[in-house]
Amino acid sequence: DTAVSQTPKYLVTQMGNDKSIKCEQNLGHDTMYWYKQDSKKFLKIMFSYNNKELIINETVPNRFSPKSPDKAHLNLHINSLELGDSAVYFCASSQGARGSYEQYFGPGTRLTVT
Amino acid sequence: QQQVKQSPQSLIVQKGGISIINCAYENTAFDYFPWYQQFPGKGPALLIAIRPDVSEKKEGRFTISFNKSAKQFSLHIMDSQPGDSATYFCAAGPLSYGNKLVFGAGTILRVKS
């Protein structure tokens with residue numbers, strides 16, 4: 001019954017590597033998001049997709065590339081990882097323009113770059 | 001204009017007491033104000049949300065008070081319980097395509113039994 005799921009939960013990797021985080025929602029929502037929560041717990045939106053179309057793209061290094069193969073999935077690929085990328089990444093979804101704007105968050109992926 | 005300022009950073013309340021967390025926003029285009037609760041190791045969970053056409057919304061022990069002219073809103077937790085100990089985030093954004101939320105910095109609440 002998981003509404004928004006993410007894999008992996010933990011990711012430890014070295015600087016310079018490329019990694020991906022996957023997100024899936026089974027709520028039938030049209031809009032999905034990626035957020036970054038830093039070590040001080042500050043939450044900031046990175047990207048938003050509506051029906052596979054990118055609609056929000058915050059000031060994020062272009063090493064980060066989101067991809068939405070369908071409206072239930074939103075993946076985040078990160079190239080050339082840096083120490084500063086260490087954070088918890090949350091995926092979220094909402095119905096979007098069709099109705100409720102309530103955003104439901106996944107459990108997070110803790111990325112540690114060494 | 002995109003900031004949401006949240007206070008206090010941390011709060012200790014006795015069991016049964018009232019916890020109050022305040023937020024202020026700047027952007028007058030914001031018209032959706034949710035509160036999220038986050039436990040350690042978990043994702044934020046939507047607690048309660050308000051739109052500016054009402055000044056107060058109550059759900060169980062949780063109440064949002066909203067002051068549009070002052071651009072402030074607050075969360076009141078009545079009869080606070082140890083299980084309420086968590087980090088609380090306010091957020092604000094426009095009810096529009098994309099619904100880009102701006103989050104406050106969070107308040108760590110500890111309810112002492």
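A, B, ... follow the sequence lines: proteins, then strands. Residue 1 opens every chain.
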For the interface with chain B, which of A:Lys9, A:Lys41, A:Lys40 has the highest count of heavy-atom pairs at distances below 4.5 Å?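 Maximum pair count with chain B is reached by A:Lys41.
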Interchain contact, A:Gln6 with chain B, by part (heavy-atom threshold 4.5 Å):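 No part of it gets close to chain B.
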Given a strict heavy-atom distance threshold of 4.5 Å, which part of A:Tyr35 is in contact with chain B: side chain, backbone, both, or neither?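 The side chain, not the backbone.
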What part of B:Pro34 is in contact with chain A, defined as an atom under 4.5 angstrom from a non-hydrogen atom: side chain, backbone, both or neither?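 Contact with chain A involves no heavy atom of B:Pro34 at all.
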Could you check whether A:Phe47 and A:Phe64 have their ring centres less than 6.0 Å apart?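 When the ring centroids of A:Phe64 and A:Phe47 are compared, they turn out to be at least 6.0 Å apart.
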Taking atom NZ of A:Lys44 as the centre, report whether more than 12 heavy atoms of other residues, nucleotides or ligands fall under 6.0 Å from it.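 Enclosed.
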Lys/Arg-Asp/Glu bridge criterion (N-O < 4.0 Å) met for B:Glu59, B:Lys57: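 A salt bridge links B:Glu59 with B:Lys57.
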Which atom pairs, one a donor and one an acceptor, fall under 3.5 Å between side chains of residues 102-113 of chain B and the rest of the protein, sequence neighbours left out?
residue, atom, partner, partner atom, Å
B:Thr107, OG1, B:Gln6, NE2, 3.0
B:Thr107, OG1, B:Pro8, O, 2.5

